[in-house]
Amino acid sequence: MPSASTGHSLCSRRALTPWGFLAPALAVLVLFSIAPTLAVIYYSFTSYTAFAGPDWVGLENYHRLIAGSRFWFCLQNSFLYLLVTPIIMALSLTAAVVVHSTARGGKLLRLLLFLPVVTPAIVASMSFRVLFNETDGVINTALSLLGLPQVRWLTQYPWTLISAMIVTAWKGFGYYMMVFLAGLIAVPRELEEAATIDGAGRYRTFWHVVLPSLRPMLALVATISSIGALKVFDELYITVQGAPITHQTAVPLIYRTLSQDGEYGTAAAQGVLLFVIILAFTLIQLRVQRVRDA
Amino acid sequence: MHSATTHTTPRHLVVLNVLAALLLAIIAVLPMVWLAGVAVSDATVAVNRLPTPAQMTTTNFSGAWQAGGLLRPFINSLIVTCIHALLNVFLAAAAAFPLARTRFRGRDTVFVIILATLMIPEQVILVPLFRTVVKMNLYDTLAGVVIPFAVSGFGIYLCRQAMRSIPREMDEAAAIDGASSWQVFRHVMLPLTAPTLATLGVFSVIASWSNLLWPLVVLQSSSNYTLPVALDQLLGMFSANIRFAYAGSVLAVIPMIAIYLLMQRWLERGLLAGAVKG
């Protein structure tokens, strides 16, 4: 860039401007996101509790985590929780197709399907706690009317995970529906018509014409919703409040280690491992998508 | 002629569509029906049942305000939410502008770092974040709730994408006319990305209004509680107050529905603009 070489006053001022625009946002991110992350990496190598520390202990926290079973169990649950991603994708894609082809009442339908998105997680979890109530909740009542066994939605593994996944899917699908809807609107009408004129049925047109053109949105939704699934906290915190921590996932475990055990060093090591796993997972996913697109 | 025939949909597909629409609507609304049911039940109804009309009451709502003490948290949440949304939109747009438009040393590095912050769960950095906030004398203040999350990497990313889709001629023309960077930003970029900014604003409002964990950690006195924290506290107390909590949570949803209805048109334009880019 010429600004660096000439040293002309106007040019050097030009070079400063980008940083002027970036400064406030960067200050916030550095102070409250990046610096704490570096601090957590440091804490993960220390013995640090609510009462003492941090004192450097090297890899001890990591050794203990890797040798123990609790962390692995919760991590395994985090990966099971990823099953919510295909559910969300199917639900939101269906919703988008339905909304797209609903002429009358489409606006009302969109409002109703967006309602869960604007509902605070604590409120959503409160309503589902009522539905999932194990003794006289509506879902178990319906199951017993159908002659099916009752389900311990809030206390028994793996139902604790499934209950929270239902809340996650319920809260999330309206947002992703909008993403797919955008994609559907962008599909050129001529393309669909050409396929229909060529004698392709509705289903084949959808499968071979519409779905491929939604590929960027499918990739986007898969990435965002799976990062969200690995980071899930609110739904578990309220919905299955009181269930043993091994019935939950990694982030609730980290919060438990911090807030109840007061073991900051251990929690930091758990956090660092989780972050590395999310990062690796995301990079692999992006790579796979790129290979498939190429 | 041809297009007229291809547009008519077979009847069984229309029926299927209506059925699917109904089913989806029921899935979306059912939990809220139970929420509202508990909120209007009197004390004779078990918490997990729906009340009959004779068992309905509105006393839980006044109870939520007074005995439940939700009025103050409601106001606190309004303050926190408005300031957070304004800050997030403005700071994200400002940061996105040079990232989208200028070439400068370190730009790509900065952008990658901003994206990396997206992957950090806030629960992971809770302890150092808490220590920083205490050091800055922001513990137990509403500012302490807002400032650490005043801007999100997601917002910056969204705004950058929107700004990149604006034709370069628009701001180059302004720059040739002698406009400063600030003027280009203020008079070209902001108006042209308005749908995206509105979308980001709405999502900040929703996120901030719903945020539970951080306010729970950083607020101590009940006069500073935000609505989700106050609801969490109410849930933890005597069962007599459970109906107040449910009434309060119905009241917590109403402003969000209002903002959605107000912003619907912008929101849909913004989501379309953002998503098409991928």
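Order of the sequence lines fixes the chain letters, A, B, ..., with proteins taken first and strands second; residue numbering starts at 1 for each chain.
- By number of non-hydrogen pairs under 4.5 angstrom with chain B, the leading residue of F275(A), W170(A), Y255(A) is W170(A).
- Interface remark: T282(A) contributes side-chain atoms only to the contact with chain B (heavy atom separation under 4.5 Å).
- In terms of heavy-atom pairs under 4.5 Å with chain A, the best-connected choice from A150(B), A25(B), S249(B) is S249(B).
- Only the side chain of L99(B) comes within contact range of chain A, with at least one heavy atom under 4.5 Å from a heavy atom of that chain.
- Options A21(B), P31(B), A94(B) differ in how many heavy-atom pairs under 4.5 Å they form with chain A, and the most are formed by P31(B).
- Taking CD from Q123(B) and CG from L129(B), the interatomic distance works out to 11.0 Å, rounded to the nearest 0.5 Å.
- Within the 4.5 angstrom heavy-atom criterion, only side-chain atoms of L109(A), from C-beta onward, approach chain B.
- Using a 4.5 Å cut-off between heavy atoms, I34(A) contacts chain B through its side chain alone, with no backbone atom that close.
- Here F32(A) is the residue among Y43(A), F173(A), F32(A) with the most heavy-atom pairs under 4.5 Å with chain B.
- Counting heavy atoms from C-beta on, the side chains of P228(B) and S77(B) come closer than 4.5 Å.
- Proximity to chain B is limited to the side chain of I238(A), based on heavy atoms less than 4.5 angstrom apart.
- Of all heavy-atom pairs spanning T141(A) and G137(A), the tightest one is OG1-O, 2.6 Å.
- Each of L26(A), I278(A), V97(A), T37(A) has some count of heavy-atom pairs under 4.5 Å with chain B, and the biggest count is that of T37(A).
- In this structure, the side chain of T102(B) does not engage the main chain of P18(A) through any donor-acceptor pair within 3.5 Å.
- Y175(A) has its ring centre less than 6.0 Å from the ring centre of F203(B).
- Residues L181(A) and R110(A) have side chains in contact (heavy-atom distance under 4.5 Å, counting atoms from C-beta outward).
- Contact detail for M177(A) and S92(A): the closest heavy-atom pair is N-CB, 3.5 Å.
- In this structure, chain B has no heavy atom under 4.5 Å from any part of Q270(A).
- Only the side chain of Y237(A) comes within less than 4.5 Å of a heavy atom of chain B; its backbone N, CA, C and O stay farther away.
- Of the two parts of V202(B), neither the backbone nor the side chain holds a non-hydrogen atom closer than 4.5 Å to a non-hydrogen atom of chain A.
- Taking the side chain as every heavy atom from C-beta outward, I166(A) and T239(A) never approach each other to under 4.5 Å.
- At least one side-chain heavy atom of M256(B) sits under 4.5 Å from a side-chain heavy atom of I206(B).
- In terms of heavy-atom pairs under 4.5 Å with chain A, the best-connected choice from A252(B), S210(B), A28(B) is A28(B).
- Residues E235(A) and F128(A) are not in side-chain contact: their nearest non-hydrogen atoms beyond the backbone lie 4.5 Å or more apart.
- Ranked by non-hydrogen atom pairs under 4.5 Å with chain A, the options S180(B), P98(B), A116(B) are led by P98(B).
- If you tally non-hydrogen atom pairs under 4.5 Å between each of L231(B), V217(B), V151(B) and chain A, the highest count goes to V151(B).
- Using a 4.5 Å cut-off between heavy atoms, Q264(B) touches chain A through its side chain atoms alone.
- Contacts of R131(B) with chain A are made by side-chain atoms alone, with heavy-atom separations under 4.5 Å and no backbone atom involved.
- Ranked by heavy-atom pairs under 4.5 Å with chain A, the first of A20(B), A95(B), A92(B) is A95(B).
- With a threshold of 4.5 angstrom between heavy atoms, L216(B) approaches chain A through side-chain atoms but not through N, CA, C or O.
- The shortest heavy-atom contact between F149(B) and H84(B) is O-NE2, 2.9 Å.
- At a 4.5 Å heavy-atom cutoff, the contact between L91(B) and chain A is made by backbone and side-chain atoms alike.
- Note: L258(A) leads L258(A), D234(A), V30(A), I227(A) in heavy-atom pairs under 4.5 Å with chain B.
- Chain B forms the most heavy-atom pairs under 4.5 Å with one residue out of L112(A), V99(A), L274(A), V130(A), and that residue is V130(A).
- The two residues Q241(A) and D232(B) have their closest heavy-atom pair at NE2-OD1, 4.0 Å.
- Proximity to chain B is limited to the backbone of A121(A), based on heavy atoms less than 4.5 angstrom apart.
- Contact between V38(B) and R243(B) at its shortest, heavy atoms only, is O-CG, 3.9 Å.
- Proximity to chain A (any heavy atom under 4.5 Å) is restricted, for F185(B), to the side chain, taken from C-beta onward.
- For K107(A), the parts lying near chain B are the backbone and the side chain together; criterion is any non-hydrogen pair under 4.5 Å.
- Only the side chain of L131(A) has a heavy atom closer than 4.5 Å to any heavy atom of chain B.
- Counting heavy-atom pairs closer than 4.5 Å to chain B, the top-ranked of the candidates L279(A), V138(A), L115(A) is V138(A).
- Ring-plane geometry between F97(B) and F21(A) is classed as perpendicular, the angle between the planes exceeding 60 degrees on a 0 to 90 degree scale with a lower cut at 30.
- In this structure, F132(A) CZ and W34(B) CH2 are separated by 12.5 Å, a value rounded to the nearest 0.5 Å.
- Taking both residues in full, the closest heavy atoms of F154(B) and L118(B) are given as N-CD2, 3.2 Å, listed atom of the first, atom of the second, then distance.
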